[in-house]
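The structure under discussion appears below in the form of structure tokens.
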Protein chains: 2
Amino acid sequence: MDDLTEMLKGTLEGCVLQIIGSEETYGYAITRRLNELGFADVVEGTIYTILLRLERNGLVQVTKRPSGLGPPRKFFALNDAGREELATFWAKWEYLSSRIDKLKEGGR
Amino acid sequence: MDDLTEMLKGTLEGCVLQIIGSEETYGYAITRRLNELGFADVVEGTIYTILLRLERNGLVQVTKRPSGLGPPRKFFALNDAGREELATFWAKWEYLSSRIDKLKEGGR
DNA sequence: GTCCACTACTCCGTGATACCGTGTAGTGGT
DNA sequence: ACCACTACACGGTATCACGGAGTAGTGGAC
């Protein structure tokens, strides 16, 4: 699938929130997970900027743990604000995707 | 629904293409149509920049016609390149929305 | 007959976001 | 010693939707 960059704007952050919400994890693993899920072109740099933003916005709780396999990992977990943000994201996604699907169906 | 701005990136242009593809129309009417369809906060300025971009990228055929109700209207219709771009857009949308829905369902 | 509302188009600057390339580090295998 | 893989960080770039302001044309209210 060719370039999805623009379409990912606004949704990729939500995807990261969802992944963090389902289990405490770290940047490198999140990137691999997204790649597996079909977001093939997403690279680490992108995920790290998103994680830094989540941290800055107070949506996650961060814990640094040694890895035994490379440098220490920064584990991310959602806090209450993060869970709320995730719910908002899904509400927006439902809203948007329903409108667009309607438009596709001939949309009157 | 609160701010969808970021989520619309990359999709709004496709929506405009779809509307133009279903009937030859002009900027002001496209904006009203989108508002009706639930894209409530989309404003004229946004649509005009998209229309200028479509024109610049050679995806539309433009015809100016007098209105009898205000200034003349610029009618837009898809050309072959535009129809191709529209098909690409829907393919991307299908791809992306299926991945995201899968992620939402617990996505492993 | 002057003001206002509605239609219709244009331009410019702003902010948010994903991407890219590069760099730094730690561990383990050959 | 070198290389591959893991893991994080940073700085610059392009794209896009938005906001605001401006310009025009028509017709109705008073």
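Here is how names work: the chains are called A, B, and so on, in the same order as the sequence lines, proteins then strands, and each is numbered from 1.
- Going from atom CD of Glu13(A) over to atom P of dA16(C) covers 12 Å, rounded to whole Å.
- Following rounding to the nearest Å, Glu6(B) (CD) and dC16(D) (C1') show an atom-to-atom distance of 8 Å.
- Listed pair Tyr28(A) / dT6(D) meets the phosphate criterion, a side-chain N or O lying under 4.0 Å from OP1 or OP2.
- For the pair Leu17(A) and Phe76(A), the minimum side-chain heavy-atom distance is 4.5 Å or more.
- Distance CD1 (Ile47(B)) to C1' (dC11(C)): 16 Å, rounded to an integer number of Å.
- Proximity of Thr63(A) to Glu24(A): side-chain heavy atoms (C-beta onward) are separated by under 4.5 Å at one or more points.
- Contact of the Thr46(A) side chain with the Val43(A) side chain is registered, since non-hydrogen atoms from C-beta on lie closer than 4.5 Å.
- The side chain of Lys74(A) contributes an N or O atom lying less than 4.0 Å from OP1 or OP2 of dA9(D).
- Taking atom CG on Leu4(B) and atom C1' on dT17(C), their separation rounds to 16 Å, with Å as the unit.
- Atom pair Leu54(A):CG and dC8(D):P shows a separation of 14 Å (rounding to whole Å applied).
- OP1 or OP2 of dC8(D) lies within a sub-4.0 Å distance of a side-chain N or O belonging to Tyr48(A).
- Counting only heavy atoms from C-beta outward, the side chains of Glu55(A) and Leu52(A) approach each other to under 4.5 Å.
- Remark: side-chain polar atoms of Tyr26(B) are not paired, donor with acceptor, to backbone N or O of Arg65(B) under 3.5 angstrom.
- Using a 4.0 Å heavy-atom distance criterion, Thr46(B) is classed as a base contact.
- The stretch residues 79-87 of chain A has no heavy atom under 4.0 Å from DNA chain C, so no residue of it qualifies as close.
- The salt bridge (charged side-chain N to carboxylate O under 4.0 Å, His left out) check on Glu6(A) picks up Lys9(A), with sequence neighbours excluded.
- Phosphate contact (OP1/OP2 of dA18(C), side-chain N/O of Arg53(A), threshold under 4.0 Å): present.
- Across all strands shown, Leu51(B) has no heavy atoms under 4.0 Å from either base or sugar-phosphate atoms.
- Between Thr49(B) and the phosphate of dA17(D), there is no side-chain N or O to OP1/OP2 separation shorter than 4.0 Å.
- Atom OH of Tyr26(B) and atom P of dT10(C) are 14 Å apart (whole Å).
- Atom-to-atom, CG of Leu8(B) to C1' of dT17(C) comes out at 14 Å; the value is rounded to the nearest Å.
- You'll find the side chain of Leu78(A) reaches within 4.5 Å of the side chain of Val60(A), heavy atoms only.
- Heavy-atom nearest nucleotides on DNA chain D were determined for Pro71(B) and for Gly45(A), and the one closer to the 5' end corresponds to Gly45(A).
- Within the nucleic acid shown, Glu44(B) comes within 4.0 Å of at least one base atom, counting heavy atoms only.
- Between the P atom of dC16(D) and the CZ atom of Phe39(B) lies a distance of 17 Å, rounded to the nearest Å.
- Taking 4.0 Å as the cut-off between side-chain N and carboxylate O, Asp101(B) and Lys104(B) do not count as a salt-bridged pair.
- For dA17(D), the base has no donor-acceptor partner in the side chain of Lys9(A) [N/O atoms by modelled type, under 3.5 angstrom].
- The side chain of Ile50(B) has dA17(D) as its nearest neighbour among dC19(C), dA17(D), dC9(C).
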